[in-house]
Amino acid sequence: MRNICYAAFLPFFLAGCSTLPSAGPTTRDVIRRAVVDDVSRYSILDVSGPVIDVLSRRTQDSLSATFGDYRPALDPRIGIGDTVAVTVWEAAAGGLFSAPMLSDRFSTGSKSATIPEQVVGRDGSISIPYAGRIKVTGQSPTQVQETIEKALAGKAIQPQILVNVIRPFSSSVTVTGEVTNGARVPLSVKGDRLMDVIAAAGGLRAPVNETFIQISRGERSVRVAMARVVADPRENIFMRPDDVITLVREPQTFVAYGATGRNAEIPFDADGISLAQALAKAGGLLDFRADAEGVFILRYEPVSLASRLVNLDTATLVGNRAPIVYRLNLRDPNGLFLAQQFRIFPKDVLYASNASLSDAEKVFQAIGFLTGQVGTASSLRAAAR
């Protein structure tokens, strides 16, 4: 009689397998639910050599491609807010800017005078005695010297002018974020590259592999990984006045989920990692749960790249990105080689599905628990009699 009662519950449990606790969809569910009610939700691709080849040509934001600044800096120009010093020499003593001749034959008097430092005003000019307001913005120091010499001609004795820009605030770059000393860094005449400016601001406070550089120039902003700038000299571009450099600490992580030894958000701890390395960081697949044919990488790919891999359905797009699910079959030994070539990107989701046998095991565990409870109840009733 008891066996009959147990058997009566078996169809109920077998029919309810889909309602049992689970870490996520099975391999079959992931594939089957890509299209629901004739509406595409995401695309599924098996990881293969051709797919990896297309992914390897994935374009990334580039400083040199965006700004095209791989060349020496332009000649510096004086701007509003710069501090300028002007020195005037005359050919003989006794002029407007030189001391008078003294009676002592060994003292001929000073032939030069330094005009106190001036900040270039909003009108773009500075004041020079006997010459008035001299416009200096947009000009080089040499051009300003010539302008002042012409203005003093006939007033001073064969004047010679030297113009020095003491504090070139208009030719500086703003550095902020994860640097030791955020500051406005003046650009030198020889031209300063990105890494020069960061070094002048005291260097990084965060690890290189966790740092991104964002450069804003005019209306354009581009963000690239610091590690890429370090590795590729072409990305170490020349800076321009008024550039804004922001260093952002953004640890590169991926999420491991499902039948892996570690379900967590896991940092790369490197410039980049492969799928094989990601699986190792996630503790590998669980022997008693994982379906080796169902290792998935979920990622939003740029439309420009996704269109080379699948026939896109515009209904699946999120902005200019398409949801792609890559499937790796580790039952095939070649899958281990493919895992070494497949690159993981930040914010990827690595999901290992449960094997079908795992759900069946849960059913029998539930049946065993129920039969144990029924047996205990029967024993208590028998004892009560």
Is there a donor-acceptor pair closer than 3.5 Å between any side-chain N or O of [X] and the backbone N or O of [Y]?
X    : Y    : value
Y42  : V30  : yes
D192 : S188 : yes
E90  : I157 : yes
N164 : I166 : no
R327 : E293 : yes
Q277 : S274 : yes
S125 : G121 : no
R184 : F169 : yes
E210 : P207 : no
N236 : V230 : no

Exercise: do [X] and [Y] side chains pair donor with acceptor under 3.5 Å:
X    : Y    : result
R133 : S127 : yes
E235 : S62  : yes
T83  : E117 : no
S40  : T316 : no

Would one find more than 12 heavy atoms of other residues, nucleotides or ligands at under 6.0 Å from atom [atom1] of [X]?
X    : atom1 : result
R33  : CZ    : no
N311 : CG    : no
R205 : CZ    : yes
Q158 : CD    : no
Y300 : OH    : no
D287 : CG    : no
R220 : CZ    : yes
K135 : NZ    : yes

Identify the heavy atoms of [X] and [Y] that sit nearest to each other, and give their distance.
X    : Y    : answer
G49  : L338 : N-CD2, 3.9 Å
A339 : L328 : CB-CD2, 3.9 Å
R308 : V54  : CB-CG1, 4.2 Å
N263 : G258 : ND2-O, 3.1 Å
G202 : N181 : CA-ND2, 4.4 Å

Contacts of R41 that satisfy side chain to side chain donor-acceptor pair (under 3.5 Å) - sequence neighbours left out = none
Parallel, tilted or perpendicular: which fits the ring planes of F254 and F268, with parallel below 30° and perpendicular above 60°?
-> tilted
Pairs meeting criterion ring pair (Phe, Tyr, Trp, His ring centres under 6.0 Å) with involvement of residues 185-204, two or more places apart | none
State, with a plain yes or no, whether a side-chain heavy atom of [X] is found less than 4.5 Å away from one of [Y].
X    : Y    : answer
L96  : K155 : yes
T66  : I215 : no
F212 : E178 : no
P267 : Q252 : no
T27  : F296 : yes
I213 : I198 : yes
R240 : L187 : no
V179 : I245 : no

Is there a path from F337 to L275 through hydrophobic residues (I, L, V, M, F, W, Y) whose side chains come within less than 4.5 Å of each other?
-> no
V224, F67: one ILVMFWY side-chain cluster at the under-4.5 Å cut-off?
-> yes
Going by an N to O cut-off under 4.0 Å, is there a salt bridge joining E250 and K347?
-> yes
Got a sec, which residues hit ring pair (Phe, Tyr, Trp, His ring centres under 6.0 Å) with F342, two or more places apart in sequence or on another chain?
-> Y326
